[in-house]
Q: 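Please see the structure below; I have some questions.
Computed from a predicted structure; not experimentally measured. All ligand and atom numbering here is 1-based and tracks the order in the structure.
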Amino acid sequence: MNRPYNFSAGPAAIPEEVLREAASEMLDWHGSGMGVMEMSHRGKEFISIYERAEADLRELLAVPANYRILFMQGGGLGENAIVPLNLSRGGRIDVVVTGSWSQKSQKEARKYGNVHIAASNEADGHTTLPAPSGWQLSADASYVHACTNETINGIEFHELPDLKRLGSNAPLAIDFSSHVASRPVDWSRVGLAFGGAQKNLGPAGLTLVVVRDDLLGHALPACPSAFDYRIVAEHDSMYNTPPTWGIYIAGLTFQWLKRQTENGLTGVAAMEQSNIAKAKLLYDFIDGSQLYVNKVAQDCRSRMNVPFFLRDESRNDAFLAGAKATGLLQLKGHKSVGGMRASIYNAMPLAGVQALVGYMREFERTQA
Ligand SMILES: *Cc1c(COP(=O)(O)O)cnc(C)c1O
């Protein structure tokens, strides 16, 4: 039986191989007599799952030795508070506003520091990326926040800003929730990265944080111990019970990622090639059509989240109903933007995007 193609923005599709592997191990993980959800997080079985997941992710994302990988809880929105609690020292925080998620981040950060909006694309309805050369960075910021893939608006940074070259000594903190592991990360430009797992790594409930050593140990006194990066790092993410199931599924996803090959590349580099091809297919079709439109500037269109509109919005419900009947699920746009959105994360195969484009072409033809 073929499963439908699921274009959900998150929680999102998980690679079928991973789901099947997890299903086969549900009742008995590797002869232990226990399912992963039933294991002590301090037992040797789970420790081996955790250690492999950490090592595989470090390899996949080429995380340097002076960065810690933390498996936490609280989601992306939790990190909007946890990051300033750990990094702000009560001082100035520069935020680059590029869409709904960075907007939420700056609002939350105001509780813990003095937020300065270094740049914003609000005036053009979040459809462009403010050029880093024009950012108004503070001389004394504790960190600079950016959301490197705006899931709702469909905007992605295709190059990370080099803050040093822009005259700032502050570390860059990125929310990479919705494009983590879809492309390599230039860690020389990043002090901290966080992301919820439910877009591109696994189930909801796991939050990934990658943080440079020198940023540990500066938490405000009010920071809960379970969210103090130094404490979490010192306990190898086991200060309190970690989201064991999430770590396990993410671990299987990392192994799946390591098996990917494309154009002689492997892992995340291979995944990136496939993501570029998927996004190009969909954007080229939208741009060439009379019915569909994407409003985001070409140079910052997201490879992961493709919002689009029907020029005749009275056809929206018919479009969605026909898509569902064709086995193309969860294409409705976010309520704040409207229209449609196709999220084409790592787990979406090229065949899924081909099926979507085929349906869109046929729908347009029957409307003419
Ligand atoms: C989904 C998402 C979040 C929110 O994550 P939660 O787990 O719901 O807190 C934050 N930032 C980005 C970019 C997202 O895509």
Q: Considering only heavy atoms of G76, which atoms of ligand 1 have at least one such atom less than 4.0 Å away?
A: 5 (O), 6 (P), 7 (O), 9 (O), 10 (C)

Q: Taking it one step at a time, do W101 and L77 satisfy side-chain contact (heavy atoms from CB on, under 4.5 Å)?
A: CA-CA 9 Å; W101 289 114; L77 289 188; 3.5 Å; yes

Q: Does ligand 1 have any atom sitting under 4.0 Å from a heavy atom of C147?
A: yes

Q: Using a strict cut-off of 4.0 Å, indicate which atoms of ligand 1 neighbour a heavy atom of T151.
A: 12 (C), 13 (C), 14 (C), 15 (O)

Q: Could you tell me the residue and atom name of the protein heavy atom closest to atom 10 (C) of ligand 1, and the distance to it rounded to 0.1 Å?
A: W101 CE3, 3.4 Å

Q: Tell me the protein heavy atom at minimum distance from atom 14 (C) of ligand 1, and give that distance in Å.
A: K199 NZ, 2.9 Å

Q: Could you tell me whether the side chain of H126 and the main chain of E150 form a donor-acceptor pair under 3.5 Å?
A: no

Q: Would you check if there is a donor-acceptor pair between the side chains of S182 and N275 at a distance under 3.5 Å?
A: no

Q: Consider every N or O of Q198 and every N or O of ligand 1, then say whether any pair is closer than 3.5 Å.
A: yes

Q: Specify whether Y359 and F363 have parallel, tilted or perpendicular ring planes, treating 30° as the upper limit for parallel and 60° as the lower limit for perpendicular.
A: tilted

Q: Would you say the side chains of N149 and S302 form a donor-acceptor pair under 3.5 Å?
A: yes

Q: Is there a donor in the side chain of N121 and an acceptor in the side chain of T128, or the other way round, less than 3.5 Å apart?
A: no

Q: Check ligand 1 against N149 and write out every atom of the ligand that is under 4.0 Å from a heavy-atom position of the residue.
A: 13 (C)

Q: Atoms of ligand 1 less than 4.0 Å from S178 heavy atoms?
A: 15 (O)

Q: Which heavy atom of the protein is the closest neighbour of atom 11 (N) of ligand 1, given with residue, atom name and distance?
A: D175 OD2, 2.7 Å

Q: Answer with yes or no after comparing the ring centroid distance for F46 and Y248 against a 6.0 Å cut-off, counting only values under it.
A: no

Q: What part of A9, side chain from CB on, backbone N/CA/C/O, both or neither, has a heavy atom under 4.0 Å from ligand 1?
A: neither

Q: For atom 9 (O) of ligand 1, what is the nearest protein heavy atom, given as residue, atom name and distance?
A: L77 N, 2.8 Å

Q: For the side chain of T207 and the backbone of G75, is there at least one donor-acceptor N/O pair under 3.5 Å apart?
A: yes

